[in-house]
2 protein chains.
Amino acid sequence: MVKTLRVPEATVTRLSIYSRYLERLDRNGVTSVSSGEIADGVGVSPAQVRKDLAYFGEFGTRGVGYNVKDLMRYTLKILGLDRHWNLVMVGAGNLGYALCTYKGFNMRGFSIVGVFDNDLTKIGKRINDLEVLPMESMPDIIKDHNVRIGIIATPTRAAQEVADYMIKCGMQAILNFAPLPLTLPDYIEVRNVDLSVKLEILTFNLGFKSAQNV
Amino acid sequence: MVKTLRVPEATVTRLSIYSRYLERLDRNGVTSVSSGEIADGVGVSPAQVRKDLAYFGEFGTRGVGYNVKDLMRYTLKILGLDRHWNLVMVGAGNLGYALCTYKGFNMRGFSIVGVFDNDLTKIGKRINDLEVLPMESMPDIIKDHNVRIGIIATPTRAAQEVADYMIKCGMQAILNFAPLPLTLPDYIEVRNVDLSVKLEILTFNLGFKSAQNV
DNA sequence: TATATCATGTGAAGTAAATAACATTAACTG
DNA sequence: CAGTTAATGTTATTTACTTCACATGATATA
């Protein structure tokens, strides 16, 4: 039976964390796990774990717990990770380079199949087995590799224009690393990864603690 | 009057966004702004903007709005960004390199003053004007530069050990880029930046839309 | 100086999320 | 095979967050 309740984004976020934790348990040969153990492992409450899973069905056995491999597969499937996802990226600077070589994406079934830049000094360079291409090549790559998600790793000033172009090329979702809120049509899925926001939460919190500083 | 109410983390996150938006307005020569304009600029509701600010005081003028430069300074001060913050980082791989050269940190008053690695092939290399140092050098750098915050940009398997070492060296807060929940004492402030979680929120959401795929 | 307009600040109302509590079912024990 | 323990799934409760609505104070206008 499919639950049609709206799922909180926080739940999806935690699901991603759970599934990675389950992969680790599985690699370590653990076959069974309880909501309490998952909770301890990722730093939430056991009730939260069960509640999150309850949005999608019943995956455990009362009195026993969860089968690690099964729950891992279920969570991956829920997240849409039971398949392979091809991505394109714009921005071949240091951040773009780091993201292209980031193992964490591959481990979750993501492949960056095209890297684009408008900087002539960057076009033609190689990142792993990819050549940095001019922006005009994007439509072909997208078509050839069935790409639906684009990553923006450009300087802030270019981000909006790049996003607009991506949408023109048919992208349905954008992961934006530029610290700028993008203005896009509602039907486009966008999430921002702002590298310094979390840092500023830390400085905010440290502000209430003993300064002991210069 | 100081409000002692607990401030939601979501509010702090938005404050960080507001303050960057205000900096942009200020650079563009805008001197006055309303909660509605801020709201439109960053994609939240006007009431939300006012509520967020209300946790910290009254910064506007009724009937008029906010002075851009003043509000910018207030928000920066609230976030603890009215001062300079020195950081250390462990992990001189591609991600570490990208973070070291990331302009967004400098623009907000952050400086990475030490980069460490235990990989002998990386130690001695230069990133900008910094030399990659062995882990043993961390305590001296921290003391010399009054560092309170550490960044972890290592492979997942090293992250916990690095975090423990940072705390031994006196760090009070950690920004962790490794996709692994760290187990640390309560008095340490930790935030994780997981590069693929947001990507998986996108795939989750795309899962409910027309597949049109292979 | 009265009047109209504007936009903040805030208490109240509404919504959403997290936690607690417990009934249910499975496994183990003697 | 009854009794005990364990851990899920789910309802109820509490807490937290957001939105609404409006009184308040400021500016502009005639």
Practice prompt. Would you indicate, yes or no, if D:dA7 has its OP1 or OP2 atom less than 4.0 angstrom from a side-chain nitrogen or oxygen of A:Ser35?
Written response: no

Worksheet item: Judged by modelled atom types alone, do A:Ser196 and B:Arg108 share a side-chain donor-acceptor pair under 3.5 Å?
Response: no

Discussion item. Can you measure B:Glu58 atom CD to C:dA7 atom P for me and round it to whole angstrom units?
Written reply: 18 Å

Worksheet entry | Whole angstrom value for the distance that separates C1' of D:dT8 from CZ of A:Phe56 | 18 Å

Practice prompt. Looking only at non-hydrogen atoms, find the nearest pair between B:Glu200 and B:Thr203 and report the distance.
Written response: O-OG1, 3.0 Å

Item to complete: Figure out the CG/P separation between B:Leu15 and D:dC17, and round it to whole Å.
Response: 14 Å

Worksheet item: In whole angstroms, how far is the P atom of D:dA26 from the CZ atom of B:Arg62?
Response: 8 Å

Worksheet item: Just to confirm, is there a sub-4.0 Å distance from OP1 or OP2 of C:dA17 to any side-chain nitrogen or oxygen of A:Gln48?
Response: no

Worksheet item: Rounded to whole angstrom units, what separation is found between the CG atom of B:Asp52 and the P atom of C:dT10?
Response: 14 Å

Discussion item. Looking at A:Arg14, I'd like to know whether one of its side-chain N or O atoms comes within less than 4.0 Å of OP1 or OP2 on C:dA18.
Written reply: yes

Item to complete: Measure the distance from CZ on B:Phe59 to C1' on C:dA7 and round it to the nearest whole Å.
Response: 17 Å

Practice prompt. Kindly assign one of parallel, tilted or perpendicular to the pair A:Tyr74 and A:Phe59, based on the angle between their ring planes and the thresholds 30° and 60°.
Written response: tilted

Item to complete: Take atom CD1 of B:Ile38 and atom C1' of C:dA7, then tell me their distance rounded to the nearest Å.
Response: 12 Å

Fill in: Interatomic distance, A:Asp70 CG vs D:dT8 P [rounded to whole Å]
15 Å

Worksheet item: Is any side-chain N or O of A:Arg6 closer than 4.0 Å to OP1 or OP2 of C:dA17?
Response: yes

Worksheet item: Which one, D:dT24, D:dC20, D:dC17, comes nearest to the side chain of B:Ala47?
Response: D:dC20

Discussion item. Is A:Thr61 close enough to D:dT8 that one of its side-chain N or O atoms is under 4.0 Å from OP1 or OP2 there?
Written reply: no

Discussion item. So for A:Arg50 and D:dT8, does any side-chain atom that can act as donor or acceptor lie under 3.5 Å from a complementary atom in the base?
Written reply: no

Discussion item. Let's see if you can work this out: which of C:dT10, C:dA18, D:dT10 has an atom nearest to the side-chain heavy atoms of B:Ala54?
Written reply: C:dT10

Fill in: Smallest separation among heavy atoms of B:Arg20 and A:Val197, with atom names
NH2-CG2, 3.8 Å

Worksheet item: Does the D:dT19 base have a donor-acceptor partner in the side chain of B:Lys51 within less than 3.5 Å?
Response: yes

Discussion item. For A:Phe110 and A:Phe105, take the angle between the two ring planes, folded into 0 to 90°, and tell me which bin it lands in: parallel under 30, tilted 30 to 60, perpendicular over 60.
Written reply: perpendicular

Worksheet item: Between B:Tyr55 and C:dG9, does any side-chain N or O lie under 4.0 Å from OP1 or OP2?
Response: no

Worksheet item: Heavy atoms under 4.0 Å, any strand shown: does A:Thr11 hit a base, just sugar-phosphate, or nothing?
Response: nothing

Discussion item. How close do A:Phe177 and A:Ala153 get, counting heavy atoms only, and between which atoms?
Written reply: CB-CA, 4.5 Å

Discussion item. Less than 4.0 angstrom between a side-chain N/O of B:Ser45 and OP1 or OP2 of D:dT19, yes or no?
Written reply: yes

Discussion item. The side chain of A:Pro8 is closest to which nucleotide in this list: C:dA7, D:dT10, C:dA17?
Written reply: C:dA17

